[in-house]
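One structure is given below, encoded as structure tokens.
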Amino acid sequence: MNAQESQLHYPFGDDLPPSGGALEVAPGVKWLRMRLPFALDHINLWLLRDELPGPQGPLQGWTVVDCCISKDESKAQWEQIFAGELEGLPILRVIVTHMHPDHIGLAHWLCERWNAPLWISSTDYHTARLSTQNSTGFGGESAAAFFASHGLTDPESLEKIRARANYYPGLVPAVPGRFHRLMDGQAIAIGGRSWTCISGYGHAPEHMALHCAEIHTLISGDMILPRISTNVSVYDTEPESNPLTLFLQSIDKFMPLHKDTLTLPSHGKPFQGLHTRIAQLHDHHRDRLAEVMEACSASPCSGADILPVMFKRPLDLHQTTFALGEAVAHLHTLWFEGKLQRQLGADGIYRFHTA
Ligand SMILES: [Zn+2]
């Protein structure tokens with residue numbers, strides 16, 4: 001546990017859901033944890049006891065929040081959950097916080113298998129559907145050109161990025177053909193309790209967290225994570241975006257929540273100390289922005305020049321692309337604030353210098 005984490009409270013200590021099982025963390029809320037074949041090696045999913053109106057009276061069952069990637073191993077983990085955790089009841093509804101593969105990958109499979117509707121923001125639904133048909137954002141020619149414009153010029157790396165065009169469809173081969181739209185501030189009745197959607201920007205197009213005031217519980221998705229900082233990147237599809245400013249504004253939307261709120265994050269363990277964590281995230285990015293500003297004051301910097309400033313450890317190519325997106329996000333925040341100016345060099349690379 002690092003120093004910052006020790007300022008948070010983990011009410012379940014080191015307990016994790018058993019493999020293929022669940023751990024009840026709040027009334028009617030079960031925590032599932034599934035393996036991921038990445039550096040980030042797990043995702044948390046949530047099962048909420050639910051009751052929906054049916055033709056012959058209320059239907060008892062479960063609402064699922066998030067799905068895991070579309071791989072046989074993930075389906076096998078779900079089969080164990082179906083067998084052991086549903087108490088003989090069906091899945092009635094699939095809610096997805098955002099369009100990233102670990103969250104939406106198996107939505108198609110779950111919705112089809114249980115004849116359940118998908119509930120998601122409109123922006124993330126449409127982005128996910130396009131991304132299954134298209135390589136934007138994660139790899140391919142356009143991503144390679146974008147990274148090159150921010151100083152990643154090594155031909156071998158660019159070739160690998162071009163070749164990664166199938167990244168998203170490989171983890172999300174399909175998205176359900178219809179959806180139910182989630183919007184900011186919308187109240188959803190789940191199991192007789194009201195949960196409110198809280199939109200968030202900067203990590204995904206339109207992330208939806210879910211908050212239940214009655215049981216002081218927040219399903220934070222990827223917007224608030226206890227241990228790692230959420231990835232906030234500029235992507236080739238929106239090359240002049242300012243996601244870090246949007247992210248920092250978005251996490252402040254959780255400030256009015258109760259101080260003892262139990263936060264259920266997509267990665268890491270459920271925790272209390274939401275307001276402390278929000279403050280830590282502001283501090284973290286403020287420090288990174290100061291480092292970036294200092295580097296650009298010494299000499300004009302591209303995104304690639306910023307990598308060793310922000311990330312002190314060696315990075316493989318996959319990590320480099322994420323890190324470069326983050327570096328550009330920090331440069332853009334300072335650029336949008338008027339503290340840095342951007343110039344396109346004769347070599348086709350953007351460099352940022354003090355205004
Ligand atoms: Zn995500």
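First listed ligand is number 1; within each ligand, the first listed atom is number 1.
- Contact check for Ile188 versus Arg93: side-chain heavy atoms found under the 4.5 Å cut-off.
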Please tabulate, for side-chain N and O atoms in residues 269-278, each donor-acceptor pair with protein atoms closer than 3.5 Å (sequence neighbours left out).
residue, atom, partner, partner atom, Å
Lys269, NZ, Asp14, OD1, 3.4
Gln272, NE2, Asp260, O, 3.1
His275, NE2, Met255, O, 2.7
His275, NE2, Leu257, O, 3.0
Arg277, NE, Leu225, O, 2.6
Arg277, NE, Pro226, O, 3.3
Arg277, NH1, Gln280, OE1, 2.8
Arg277, NH2, Leu225, O, 3.2
Arg277, NH2, Ile228, O, 3.3

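- The pair Lys339-Glu337 meets the salt-bridge criterion, since a charged nitrogen lies less than 4.0 angstrom from a carboxylate oxygen.
- For the pair Trp109 (side chain) and Ala174 (backbone), a donor-acceptor distance under 3.5 Å is absent.
- The main-chain N or O of Ala304 is never found under 3.5 Å from a side-chain atom of His150 such that the two would form a donor-acceptor pair.
- Residue Trp335 forms a side chain to side chain contact (heavy atoms under 4.5 Å, CB included) with just one option from Glu240, Gln341, His330, and that option is Glu240.
- Panel detail: the Zn ion (ligand 1) has protein N, O or S atoms under 2.8 Å away, 4 in number.
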